[in-house]
Amino acid sequence: MKTFALVDCNNFYVSCERLFRPELQNRPVVVLSNNDGCIIARSNEAKALGFAMGSPYFKNLALLRRHKVSVFSSNYALYGDLSSRVMSLLLHQENEVEIYSIDEAFLALPASPNWDVTAYARDLCKKIKQWVGIPVSIGLAPTKTLAKIASTIAKKQPAQQGVCRLHDQQKIDNTLAQTPASAIWGIGRRSTKKLQQHGIHTALQLKEADQDWIRKTLTITGLRTVIELGGMPCLDMEKAPPPRKSIVSSRSFRRPITTHQHLKEAIATYTAIAAVKLRHQKLRCGAIHVFLTTNRFQKEKGFYANSQTITLASPSGDTPRLTHYALQGLQAIFKKGYRYSKAGIMLLNLSKEGHRQLHLFRGEKKERRELMVAMDKINQQWGRHTLQVAASGLNKSWSMSQEYKSPAYTTNWQELPHTGGGK
DNA sequence: TCTGGGGTCCTAGGACCC
DNA sequence: TCTGGGGTCCTAGGACCC
């Protein structure tokens, strides 16, 4: 039987920021979500000071200052680039690899009695640290769900040298007895509550729970988790990523928006961003979903959220055309008198580009497709908004704030780090 | 004043068909 | 007074993940 390994980058966003600011080693650091909204990554020192995942930035302001915590806005160009360096190193190890998220990958390691899989994993940790500079932890176990648990143990116990293997039954059960049910992959807040009401608090109790009851209460997904806790793999490696089903682009605004004009600019801008992704993946979309909302935390000021889906007569990847429909959708749901905090669009019914359509309407005209190719090239070279549809607006006063963003050290020539010598 | 963004999967229930 | 059964498809909403 093969061994699943979960390779998990430690405090990934923080580690990325530290790579170019080595003086921040051993110092508390946090990274904020888009629009500088919440804390979404914390160094161990920041965790120890009590800063919680997902906690709003403005509520932590005073405490962050008092403890002299370094604060960064999120810099996805940097994180994405470092992620792909880690992943390509893994892909070169000749194992089966599944890239699970920006900072995690599963490996399937062959079982062989004369092979020390733990030593191999330790070696891999070292290699990644040396070659990319990002610290990782690795969990080894007979199922993905157990490997997840193993990796969190590896992270918490420095004595493990970055690796934890859950192998023999006794060790697995001891570990599960000390793991709260809420810490299991796939068990969220709602399920935790249901389990608690049923007297199930630990992973071991969950593993031994009545499977019919689990199936009824937590659906087939919960049952899979339980079986995986028992050491029987239910979730296999996903070698090729399945084709996208939707592409979303949405942002919170710097300040609430009240005018139709500003919302139009935002929706046109988000549509353009999503359309670039669409074309990049050689896809077209058959429907576009537009949504907007006022602040959901301030319902006393009058809450309003709405959305509309528009189906296209034929699939498209053409920014002006998609923008046209998106704005039509916006028109239908916009109501005057509200303070909008966020809006976005979603591209749906995605299909492969160039699929010959057996339909009265042929796809986009050739010239239009060429125009989009040219536009993407120019924007890639000169920056995202060099060429855009007029509706997107020029000054974008509504766009999100990112006050503490680090430079795009690795992906932008203008922002390469320089050494010494001042500016 | 200020609370992220981008995804997937599952289920229940309604519409519709014969 | 009595109002089938079985199937598919679609959608909205819930739940979860990082």
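Order of the sequence lines fixes the chain letters, A, B, ..., with proteins taken first and strands second; residue numbering starts at 1 for each chain.
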When we call it a touch if two heavy atoms are under 4.0 Å apart, what does [X] touch: a base, just sugar-phosphate, or nothing?
| X | value |
| --- | --- |
| A:S55 | nothing |
| A:D36 | nothing |
| A:S246 | sugar-phosphate |
| A:L61 | nothing |
| A:Y57 | nothing |
| A:I247 | sugar-phosphate |
| A:R254 | nothing |
| A:R255 | nothing |

Rounded to whole Å, how long is the line connecting atom [atom1] of [X] with atom [atom2] of [N]?
| X | N | atom1 | atom2 | value |
| --- | --- | --- | --- | --- |
| A:N306 | C:dG13 | CG | P | 11 Å |
| A:L283 | B:dG7 | CG | C1' | 15 Å |
| A:M400 | B:dG5 | CE | P | 7 Å |
| A:D8 | C:dC17 | CG | P | 14 Å |
| A:Y76 | B:dG7 | OH | P | 12 Å |
| A:I310 | C:dT11 | CD1 | C1' | 17 Å |
| A:K342 | B:dG6 | NZ | C1' | 9 Å |
| A:M346 | C:dT11 | CE | P | 14 Å |

Taking the six-membered ring for Trp, are [X] and [Y] parallel (under 30°), tilted (30 to 60°) or perpendicular (over 60°)?
| X | Y | answer |
| --- | --- | --- |
| A:H289 | A:F291 | tilted |
| A:Y304 | A:Y340 | perpendicular |
| A:Y100 | A:W185 | perpendicular |
| A:W213 | A:H198 | parallel |
| A:Y13 | A:Y76 | perpendicular |

Could you list by number each residue of residues 183-218 of chain A showing a heavy-atom separation from DNA chain B of less than 4.0 Å, or answer none if no residue does?
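The answer is A:R215.
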Could you tell me whether a side-chain N or O of A:D36 sits under 3.5 Å from a main-chain N or O of A:L32, the two making a donor and an acceptor?
no
Can you tell whether the side chains of A:D212 and A:K216 come within less than 4.0 Å, N to carboxylate O?
no
Can we say A:E104 and A:K148 salt-bridge, meaning some charged N sits less than 4.0 Å from an Asp/Glu carboxylate O?
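Yes, charged N to carboxylate O under 4.0 Å.
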Ignoring backbone atoms, establish whether A:K245 has a side-chain N or O less than 4.0 Å from OP1 or OP2 of B:dC9.
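Result: yes.
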A:K299 charged N/C atom sitting above A:F303 aromatic ring, 6.0 Å / 45°
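Yes, A:K299 lies over the aromatic ring of A:F303.
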Cation-pi, A:F106 ring and A:K144 (6.0 angstrom, 45 degrees)
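Output yes; distance and angle both within limits.
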From the candidates B:dC10, B:dG5, B:dG7, the one with an atom nearest any side-chain atom of A:K277 is B:dG7
Of the nucleotides B:dC10, B:dT3, B:dT8, which one has an atom closest to the side chain of A:K59?
B:dT3
Runs of at least three consecutive pairs that involve DNA chain C, where pairs are Watson-Crick or G-U with distances under 3.5 Å
B:5-18 with C:5-18
